[in-house]
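Have a look at the structure below before the remarks.
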Amino acid sequence: TLQTQVLAGESLSLLPEDLRAGDPWQQLMERLSARLGPQQVLRPSMRADYRPERMQAWGPALDISQTAPRADTKAPPAWALYPTWLLTTPQPLKEHAGCPQYHGNLELLVGPQRLESGWLDGTGDSALRDYFIARSQIAGLVWIYRNRLSNNASATSAIWFLHGLFA
């Protein structure tokens, strides 16, 4: 038979016990930032860019300049399916017989979701991509894209990248 015992011990908090009942959000951020350092307590802020790697920025939670969202910030389209975890740098994938590879063949489930952005910002970092949700036998659901090189590039010259993972 299965027997259990009471766990001896208690999880300790970073905050004093008398304040655990609930502090105002700003006070909590100030306390955590004072104890851990302002660069350790971050919050996301939306940016007006359709490229997934540029849609948000992380900054100190106490940064006053980030308290109000920018007026030109647009929400992503309702049909956009974004992964739980976005890779910092997309990982190039190999291709075999026209099929992208990540721990074996990837089965394309949803897509393409076409992204054409960044060509007006003057950085030369434009994105011409077709995003797909794919299934890996080992990694589960992944978010990949095919980099569209130009209008006359053939499908075989497209480059595949892993950009995110679904939890």
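Quantities reported herein were computed from a predicted structural model and do not represent experimental measurements. Along the sequence shown, the residues carry numbers beginning at 1.
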Minimum heavy-atom distance between Asn147 and Leu128, given as atom pair plus value: OD1-O, 3.2 Å

Rounded distance [0.5 Å steps], OG1 in Thr89 versus CG in Leu162: 11.5 Å

Nearest atoms (heavy-atom pairs only) where Gly164 meets Pro83: CA-CG, 3.8 Å

CD-CG distance between Gln27 and Leu32, expressed to the nearest 0.5 angstrom: 11.0 Å

With sequence neighbours excluded, residues passing side chain to side chain donor-acceptor pair (under 3.5 Å) with Gln101: Asn105

Contacts of Tyr131 that satisfy side chain to side chain donor-acceptor pair (under 3.5 Å) - sequence neighbours left out: Arg129, His163

Side chain to side chain contact (heavy atoms under 4.5 Å, CB included) partners of Ser136, counting only residues at least two apart: Tyr102, His103, Leu106, Ile138, Ala139

Pro92 versus Pro90, closest heavy-atom pair with distance: CD-O, 3.7 Å

Any residue meeting side chain to side chain contact (heavy atoms under 4.5 Å, CB included) with Gln40, in chain and number order, not counting sequence neighbours: Leu36

Side chain to side chain contact (heavy atoms under 4.5 Å, CB included) partners of Pro38, counting only residues at least two apart: none

Residues in side chain to side chain contact (heavy atoms under 4.5 Å, CB included) contact with Leu109, at least two apart in sequence or another chain: Glu107, Arg135, Leu141

Geometric class of the Phe161/Tyr145 ring pair [parallel <30°, tilted 30-60°, perpendicular >60°]: parallel

Close side-chain approach of Leu165 and Trp143, heavy atoms under 4.5 Å: no

